[in-house]
Amino acid sequence: MSFRSREMVKRIVKKIGGEKNLAPGLKDELKKSVPNSKVVMGRAQRGLYAGRHIQFGNQVSHDGGNKSRRSWKPNVQDKRLFSYILDRHIKVKVTTHALRCIDKAGGIDEYLLKTPYHKMDTEMGLYWKAKIEKLYEELGEMEVVFFSPEDEAKFEEQFRELKLEQRAARREARRKMYGWSGKSEAIDEGRADAEGTHQEAARHGEGSSDADIHEPQVANA
């Protein structure tokens, strides 16, 4: 039901990919924040509990004041939280208190960045906090380039042309897969032309018939 924090720190470092992927001084901060004999719930390893764990106490009866041992478990929910730095949803078990803290912070990323390590008492919380801090550090080292409206319009036109090329390539692949040939395509085009001429002739015929009908009426008038 419980585990030692020393082993938890080792697992976190291993999940991140080793000490080389940790931010400078992060491992020492983890060791300072997490004591070697901290006891938390076993299932808290797989979620964000924000300090809410199982509690034990007495249930006192109203009549005789008899006491019986009981426990209080946290309200745990399965949620999908969106991370902007990862650009995807994270499926995680969270307590309702942790959800209120995340909403107050402004999102899962802000909650993990603002919450100090000594308050992250679960393995998943420490792992995601270390990972997101590393990603934001790499993002801060990147160069940001701003484009003019003309360049953005050119990029949009290039993307549009690329989509048309991909669509043509898929159409050609389907033709090769299902055995469509240029001869059958020419036949289909000939049929379409014939149908178009037939419809045009029908429209001209309707116009001439209407004229024939109206001419005697004008003569009689």
Side-chain angles (χ1 to χ4, degrees), residues 11-27 46-48 77-94 98-115 120 122-204:
R11 286 197 295 269
I12 292 169
V13 173
K14 185 177 180 181
K15 283 183 179 179
I16 294 174
E19 297 183 10
K20 60 182 180 180
N21 291 330
L22 289 174
L26 180 56
K27 187 175 180 181
R46 304 178 297 276
L48 299 175
Q77 305 289 331
D78 289 324
K79 294 293 181 181
R80 293 173 68 248
L81 304 175
F82 184 78
S83 172
Y84 290 97
I85 188 65
L86 298 175
D87 195 20
R88 65 181 180 88
H89 284 86
I90 302 173
K91 189 175 182 181
V92 64
K93 293 179 181 294
V94 293
L99 280 177
R100 290 193 296 270
C101 294
I102 291 170
D103 292 338
K104 184 178 180 179
I108 182 67
D109 295 346
E110 289 76 7
Y111 168 74
L112 293 173
L113 292 173
K114 293 176 181 178
T115 305
M120 283 288 180
T122 61
E123 180 178 350
M124 177 171 282
L126 291 170
Y127 165 67
W128 281 111
K129 181 175 175 62
K131 184 175 181 179
I132 286 181
E133 280 186 350
K134 181 65 177 178
L135 291 174
Y136 270 101
E137 183 183 358
E138 294 176 355
L139 183 64
E141 296 175 356
M142 295 181 181
E143 295 182 359
V144 180
V145 180
F146 296 97
F147 298 102
S148 62
E150 293 79 9
D151 294 336
E152 292 181 357
K154 290 180 182 179
F155 291 149
E156 290 180 0
E157 185 65 26
Q158 291 176 1
F159 283 129
R160 194 178 297 110
E161 292 177 357
L162 181 61
K163 287 183 179 180
L164 292 175
E165 291 177 359
Q166 291 177 352
R167 191 178 301 170
R170 288 195 297 267
R171 190 184 300 114
E172 186 66 25
R174 285 196 297 269
R175 287 177 181 174
K176 292 180 179 180
M177 184 183 298
Y178 297 110
W180 292 351
S181 61
K183 184 177 179 180
S184 60
E185 186 176 356
I187 293 172
D188 294 337
E189 290 179 357
R191 289 178 180 174
D193 294 340
E195 290 179 358
T197 54
H198 181 69
Q199 292 177 358
E200 188 68 23
R203 284 198 296 270
H204 285 299

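The first residue in the sequence is number 1, and the count goes up from there. These figures come from a predicted structure and were not determined experimentally.
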Any chance you could measure [X], atom [atom1], to [Y], atom [atom2], to the nearest 0.5 Å?
X    : Y    : atom1 : atom2 : value
I102 : T115 : CD1   : OG1   : 8.5 Å
E161 : K163 : CD    : NZ    : 12.5 Å
Q158 : D151 : CD    : CG    : 9.5 Å
Q166 : F159 : CD    : CZ    : 10.5 Å
R100 : D103 : CZ    : CG    : 9.5 Å
Y127 : L112 : OH    : CG    : 12.0 Å

Exercise for the section: Please say which of D78, I108, L48 ends up in a side-chain contact (heavy atoms from CB on, under 4.5 Å) with V94. Expected result: L48

Quick one: does [X]'s side chain get under 4.5 Å of [Y]'s, heavy atoms only?
X    : Y    : answer
E138 : L135 : yes
L86  : D109 : no
W128 : I90  : yes

Exercise for the section: Can you establish whether the number of heavy atoms outside R80 located under 6.0 Å from its atom CZ is more than 12? Expected result: no

Problem - Whether over 12 other heavy atoms sit under 6.0 Å from F155 CZ - result: yes

Problem - Carboxylate-amine/guanidinium contact E133 K129, below 4.0 Å - result: yes

Handout entry: Pair K154 + E157, salt bridge at N-O below 4.0 Å
Key = no

